[in-house]
Amino acid sequence: MAVAVVPLTTALVIVIALLAAAGAGKFAHMNGATYPTTLSRAATAFAGVVTLAAAVTTALAALFT
């Protein structure tokens, strides 16, 4: 059971990061940003979500050990 939790959680974080990146890119494009700027903002949002997930995981791991 515990072995399946890690890949499922990883997949969920990736899906949420992709949704956040798509939303950030869409909003940037709707505001008139160029395509390179839109991609940059989407990549920043994706990296931010993944970084936040890693920080939360580190904090929780410190609590449980």
Backbone N/O of P36 and side chain of S40: donor-acceptor pair under 3.5 Å = no

key: Interatomic spacing from OG1 in T38 to CZ in F27 - rounded to 0.5 Å   = 12.5 Å

message = Nearest 0.5 Å, please: how far is CD1 in I14 from OG1 in T9?
response = 11.5 Å

task = Sort out for me which residue in V50, T44, V49 forms a side-chain contact (heavy atoms from CB on, under 4.5 Å) with F46.
result = V50

key: Connected via hydrophobic side-chain network under 4.5 Å: L12 and L60   = no

message = When you group the ILVMFWY residues by side-chain heavy-atom contacts below 4.5 Å and let the links chain together, are V56 and L63 in the same group?
response = yes

inquiry  = When you compare the side chains of T37 and T34, does any donor N or O come within less than 3.5 Å of an acceptor on the partner?
reply    = yes

query = Taking all non-hydrogen atoms of both residues, which atom of A24 and which atom of R41 are closest, and how far apart?
reply = CB-O, 4.1 Å

key: Heavy-atom pair of closest approach, residues A45 and A21   = CB-CA, 4.1 Å

